[in-house]
**Q** 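Quick one: the structure is below, questions incoming.
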Amino acid sequence: MHRRPRGRRNGLLALLLSVVLVPVGFAALDGRASADAVNLVANPGFESGGLAGWTCDPGTATAVTAPVHSGTHALSALPTGSVTGRCAQTVAVRPNSAFTLSAWVQGSYVYLGTDGGASTWTPAANGWQQLSTTFTTGASTTSVTVYLHGWYGQGAYSADDVALTGPAGGSSPSPSSSPSPSSSPSQSASPSASASASASPSPSSSPSGGGSWHPAHLALGTVYTPGTTVDPFFTTLKSHGALPDYGYEYLVGSDLANWAATTTTMVTHAEQFGMTPVLVDYGMNGNIDGTGVDYTNMQDSSWVSGYFQALRAAAQAAATAAPGRPVGWIVEPDMLGYLQQNYASQYGGDASRFPAATGAAYSSGVLAAGTDPAFGNSLRGLVEAISYTIKKYDPSAFVGWQVNTWAVRDALKDTDSLGWQAGQASVVSTANQVAAFLQSADIGYRADFVAFDQWGQDFGILRDPDPASDIRYLNDAHWLNYLLYVKTIRQTLGLPAVLWQIATGHLNSTRTASPTYWNASGTFPDLDDVSANRFEDSASTFFFGDSFTATGNNLAFYGSNPGADPKVSVSGSTVTWGSHMPEAAAAGIVAVLFGAGTGTGTYGVPETSGTYQSTPSDFDYWVTRAQSYLAAPTPLP
């Protein structure tokens, strides 16, 4: 059964994908492309003896005579604590055409890509290594900006023989001015076709939904509970790179009287760090992790009255602390999952038949009969009234209800027993059952997104020697099923998806290098699956990508690839998963928020409760991966 932390809720994502990079061939979009393919980059080997054609972060770059990959010169750039040593060049290209971008590089954390498009990188190239990625221009694209950069304070990098091959456009545009590091695009190659899309229904409107509350890239978030130990860590973290786009904190049912004060503090502090605040309304169950508490409370007029008064106070506090600016709401985790799982059969799977004391929203004075809409005394009416109340008192809020993978049953491992195609069809069938119940509850009313979690606890706490036998352990194929489940439901509802409280642990024996400011050894120690808050999970490994070593059952499980995912490879005892942020974006996910789901979960950032109140419990793996991702985030479709 899904569980949540007691007391003040804690929660939240991991960065730098460590993948085996290989040159990719250039596939022509039409018959002309390959014939017209030329290197469009000016001064690609820096043979001019300078930076002609390139615009670089001031004072960081020069053309040198050693080391070089070929010819007599190459680029050498030294990132600082505030810039990445970025060098960029804008190139004229032909619309609707295929291109390959490549470069030979040396150094730690070297990135290659195009602004707003495809990119790739290496965590450590001790000798010359070729980076390569492909992309196709849009119908109106006449130029692209090619870039190279390193990482804050991680030492010099070298680059040589940069090549952009494909059909040239018109006259070359003027070089762009030196962009900021945050403008870099996704660090993953263009999304490959994935089996995760095979069984899903036809796409609805754009997954971004046209909303103004989220950025144009697949955003990243973390649990964030302001405090005298937590805030200094975020200040330090900010000195190393970008902070997550979102920070979230719980409003819990055992603390209704303080919702307004908690909201004011959280919103104010999150905005000071440049993070969009998100409030997790976990109030209807009274902060008791029981499967029937929501069902009882929603029929109790006294409880519902106090709940709506707290909801109004928090929404008003958010509007006051951030006037006209977006504050997010993830509403009632687990509530709809438990109600469907335990009670839906009594009411024919129809949320409009569930009884609820919605009238208490009016008798409490929060809503006014005759002025506000008349919401029925049912679960459907209660859902509508909650969403309406938030936006009545904070019109700039963006709101989404949280749903679960287990509301009917957890189908993510059906591909193990049924085979790939039949298993994915079963995932879709289960998702459609959940979606039908959500539609009967009208969770799309005044909603901006739908939120999904995946259990609430790092699976390593189970210490199962055979991960294939335990429902909580997920390999790459199971995560693809998860994306399919999310995509199916969010398309049915016509809303973008937000992943929330995704576990922050990672798979051990990671090949990702640690910045020495976190670990002097330059490596991340293993999570022992025994010590408090130090448990493995595969979520960060899947979304950010990583290479890791494994043996025995773990090697067989994590190296398994029944869906023929091109981003999975095995070489001896080393397993590599590429970043699946592009696949998440393609599924209609606009943000991934990471966090510990229970008090025993692994902390990606410090919390105000538990053992790790001033530092993460994962040896700073998650924040390293997060900041690396945010240096080149995946653009939304």
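Since this is a predicted model, take the numbers as computed values, not measurements. Numbers here simply count residues along the sequence, with the first being 1.
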**Q** Go through the steps for D245 and H214 under the test side chain to side chain donor-acceptor pair (under 3.5 Å), then give the verdict.
**A** CA-CA 9 Å; D245 302 283; H214 60 76; over 6 Å; no
**Q** Any idea which heavy atoms bring L379 and A351 closest together, and the distance?
**A** CB-O, 3.3 Å
**Q** So do the side chains of E332 and D281 get within less than 4.5 Å of each other, counting heavy atoms only?
**A**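 Yes. Closest side-chain heavy atoms under 4.5 Å.
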**Q** Are the side chains of E607 and V230 in touch, meaning some heavy atoms are under 4.5 Å apart?
**A** no
**Q** Determine whether R534 and Y612 satisfy the following criterion, side-chain contact (heavy atoms from CB on, under 4.5 Å), listing intermediate values before the conclusion.
**A** CA-CA 11 Å; R534 284 183 168 158; Y612 295 93; 3.3 Å; yes
**Q** Are any non-hydrogen side-chain atoms of P333 and W500 less than 4.5 angstrom apart?
**A** yes
**Q** Would you mind reporting whether L243 and L237 have side-chain heavy atoms less than 4.5 Å apart?
**A**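 When only atoms from C-beta onward are counted, L243 and L237 do touch, with a gap below 4.5 Å.
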**Q** Once you measure the plane-to-plane angle for F449 and W213, does it fall in the parallel (<30°), tilted (30-60°) or perpendicular (>60°) bin?
**A**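 Ring orientation, 0 to 90° scale: tilted.
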**Q** Does T236 offer a backbone N or O that forms a donor-acceptor pair with the side chain of S239 under 3.5 Å?
**A** yes
**Q** How close do E271 and A321 get, heavy atom to heavy atom, and via which atoms?
**A** OE1-O, 3.9 Å
**Q** Is a side-chain N or O of Q340 found less than 3.5 angstrom from the main chain of G349, in a donor-acceptor match?
**A**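 Side chain of Q340 to backbone of G349: no pair is present.
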**Q** State whether the side chain of Y224 and the backbone N or O of F234 hold a donor-acceptor pair below 3.5 Å, judged by distance alone.
**A** no
**Q** Looking at Q627 and A242, would you say the former's side chain and the latter's main chain have a donor-acceptor pair under 3.5 Å?
**A** yes
**Q** Do M266 and P226 have side chains that approach each other closer than 4.5 Å (heavy atoms only, starting at C-beta)?
**A** yes
**Q** Any idea which heavy atoms bring A411 and T430 closest together, and the distance?
**A** CB-OG1, 3.6 Å
**Q** Quick check: closest heavy atoms across Y393 and G365, and the distance to 0.1 Å?
**A**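 Closest pair (atom of Y393, atom of G365, distance): OH-O, 4.4 Å.
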**Q** Among side-chain atoms of H478 and N481, is any donor-acceptor pair under 3.5 angstrom?
**A** no
**Q** Please check: side-chain N/O of N285 versus main-chain N/O of M335, any donor-acceptor pairing under 3.5 Å?
**A** no
**Q** Output the distance between atom CG (D537) and atom CG (D618), rounded to the nearest 0.5 Å.
**A**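 Going from CG on D537 over to CG on D618, the span is 11.5 Å.
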**Q** Give, for atom CG of L527 and atom CD of E536, the distance between the pair rounded to the nearest 0.5 Å.
**A** 6.5 Å
**Q** Does any N or O in the side chain of K392 come within less than 3.5 Å of the main-chain N or O of R312, such that one atom is a donor and the other an acceptor?
**A** no
**Q** Kindly indicate, with the supporting measurements, whether the criterion side-chain contact (heavy atoms from CB on, under 4.5 Å) is fulfilled by W303 and M284.
**A** CA-CA 8 Å; W303 178 264; M284 186 56 68; 3.8 Å; yes
**Q** Going by the angle between their ring planes, with limits at 30° and 60°, are H240 and W518 parallel, tilted or perpendicular?
**A**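 Ring orientation of H240 relative to W518: perpendicular.
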**Q** Within the 4.5 Å heavy-atom criterion, are R409 and D414 side-chain neighbours or not?
**A**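 They are in side-chain contact.
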**Q** Hey, does the side chain of H580 reach the backbone of F542 with a donor-acceptor pair shorter than 3.5 angstrom?
**A**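 Indeed, once roles are kept as given, a pair shorter than 3.5 Å links the two residues.
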**Q** I'd like to check Y485 versus V403 (side-chain heavy atoms, cut-off strictly below 4.5 Å). Are they in contact?
**A**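 Heavy-atom side-chain distance check fails, nothing below 4.5 Å.
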**Q** Tell me yes or no: between the side chains of D231 and H269, is some donor less than 3.5 Å from an acceptor?
**A**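 Present: a donor and an acceptor within the cut-off.
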**Q** Under a 3.5 Å distance rule, please check whether D448 uses its side chain to pair with a backbone N or O of V399 as donor and acceptor.
**A** yes
**Q** Are any side-chain N or O atoms of D372 and backbone N or O atoms of L367, one a donor and one an acceptor, separated by less than 3.5 Å?
**A** no
**Q** Search all heavy atoms of I489 against all heavy atoms of A435 and return the closest pair with its distance.
**A** CG1-CB, 4.3 Å
**Q** W479 and ring-ring contact (aromatic ring centres under 6.0 Å, His included): which single residue from W577, Y473, F543 fits?
**A**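 Checked W577, Y473, F543 against W479; only one passes ring-ring contact (aromatic ring centres under 6.0 Å, His included): F543.
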**Q** For the residue pair F375 and Y445, is the inter-centroid distance of their aromatic rings smaller than 6.0 Å?
**A**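 Yes: the rings meet the under 6.0 Å criterion.
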**Q** Would you say that T276 contacts F398 through its side chain, given a criterion of any heavy-atom pair below 4.5 Å between the two side chains?
**A**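 Yes. Closest side-chain heavy atoms under 4.5 Å.
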**Q** Roughly how far, to the nearest 0.5 Å, is the CG atom of L218 from the CG atom of L636?
**A** 6.0 Å
**Q** Atom CD1 of I386 and atom CZ of R446: how far apart are they, to the nearest 0.5 Å?
**A**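 Those atoms lie 14.5 Å apart.
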**Q** Might you point out which heavy atoms bring A360 and S301 nearest each other, and give the distance in Å?
**A** CB-O, 3.4 Å
**Q** So Y347 and Y295, would you call those rings parallel, tilted or perpendicular, with 30° and 60° as cut-offs?
**A** tilted
**Q** Could you tell me whether the side chains of S617 and N533 share a donor-acceptor contact shorter than 3.5 Å?
**A** no
**Q** Report the C-alpha distance between D300 and Y307 in whole Å, list the side-chain angles of each, state the deciding distance to 0.1 Å, and finish with yes or no for side-chain contact (heavy atoms from CB on, under 4.5 Å).
**A** CA-CA 11 Å; D300 183 336; Y307 170 87; over 6 Å; no
**Q** Just by distance, do the side chain of T602 and the backbone of T504 share a donor-acceptor pair under 3.5 Å?
**A**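 A pair under 3.5 Å: no.
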**Q** Roughly how far, to the nearest 0.5 Å, is OH of Y246 from CG of L220?
**A** 10.5 Å
**Q** Look up atom OH in Y482 and atom CG in L499, then write down how far apart they are to the nearest 0.5 Å.
**A**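 So the OH of Y482 and the CG of L499 are separated by 4.0 Å.
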**Q** Between W406 and Y338, is the ring centre distance below 6.0 Å?
**A** yes
**Q** Could you walk me through whether F452 and I589 pass the side-chain contact (heavy atoms from CB on, under 4.5 Å) check?
**A** CA-CA 10 Å; F452 297 81; I589 296 165; over 6 Å; no
